[in-house]
Amino acid sequence: MAASATAACCAPIAREPISESDAAEAAVLLKAVADPVRLRLLSMIGSHAGGEVCVCDLTGAFDLTAPTISHHLKILRTAGLIDGERRGTWVYYRIIGETVNKLGALFTPLTEPQLTQTSTTDGQRLDLTPA
């Protein structure tokens with residue numbers, strides 16, 4: 001694929017090498033969501049009606065103790081993926097959209113790749129146009 005075609009269609013991770021600092025920042029986010037419990041928690045928080053959820057509504061969805069759920073929430077919070085606010089006895093969590101979007105943007109192409117006819121090494125035309 002030509003360099004301009006790569007830049008136009010590919011996710012940032014495949015477009016060009018990322019800097020050391022960007023890689024370190026992305027690694028923190030990826031490590032935070034690399035656990036199935038944390039990934040589910042992030043999804044549950046982000047998809048909850050009203051954009052926030054009480055920790056009391058999260059614990060019942062898992063066969064884990066409350067301290068274990070709190071540990072996973074702390075990792076997500078430390079990574080900057082969620083934020084929380086104490087209201088009386090309970091903490092209410094919400095997703096930090098800007099940070100979650102950074103994570104998603106790392107793998108999201110700018111546009112859909114355009115498949116067209118191309119030449120093979122033996123001069124034959126190969127039709128790659130989607131049917």
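We number each residue from 1, following the sequence as shown. Here the structure is a predicted model, which means the values were calculated and not measured.
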Seminar exercise, completed: In short, Cys54 meets Trp90 closest at the heavy-atom pair SG-CB, 3.4 Å
Exercise. Is the CD atom of Glu85 crowded by more than 12 outside heavy atoms at less than 6.0 Å?
Worked result: yes
For this session: Output yes when a side-chain donor or acceptor of Arg77 lies under 3.5 Å from a complementary backbone atom of Gly80, and no otherwise.
Result: no
Problem set entry | Side chain proximity check, Leu58 to Leu73, heavy atoms < 4.5 angstrom | yes
Problem set entry | Main-chain N/O of Leu39 paired to Ser43 side chain as donor or acceptor, under 3.5 Å | no
Problem set entry | Close side-chain approach of Ile75 and Arg38, heavy atoms under 4.5 Å | yes
Problem set entry | Tyr92-Ile96 co-clustered via ILVMFWY side chain contacts under 4.5 Å | no
Problem set entry | Heavy-atom closest pair, residues Leu76 and Ala32 | CD2-O, 3.8 Å
Seminar exercise, completed: CD1 of Ile45 to CD1 of Ile82, rounded to nearest 0.5 Å, is 4.0 Å
Seminar exercise, completed: In this structure, CG of Leu42 is separated from NE2 of His72 (nearest 0.5 Å) by 13.5 Å
Exercise. Same cluster for Val55 and Leu64 if Ile/Leu/Val/Met/Phe/Trp/Tyr side chains link at under 4.5 Å?
Worked result: yes
For this session: Applying side chain to side chain contact (heavy atoms under 4.5 Å, CB included), run through Met44 and Val53 and close with a yes or a no.
Result: CA-CA 8 Å; Met44 290 171 72; Val53 62; 5.9 Å; no
For this session: Drop me the distance from Ile95's CD1 to Ser47's OG, to the nearest 0.5 angstrom.
Result: 8.0 Å
Exercise. Is there a donor-acceptor contact under 3.5 Å from the side chain of Arg94 to the main chain of Gly51?
Worked result: no
For this session: Could you check if a side-chain atom of Phe62 sits within less than 4.5 angstrom of a side-chain atom of Arg40, using non-hydrogen atoms only?
Result: yes
Exercise. Is any side-chain heavy atom of Leu106 closer than 4.5 Å to a side-chain heavy atom of Lys102?
Worked result: no
Exercise. Hey, what do you get for CG (Leu81) to OG1 (Thr99), rounding to the nearest 0.5 Å?
Worked result: 6.0 Å
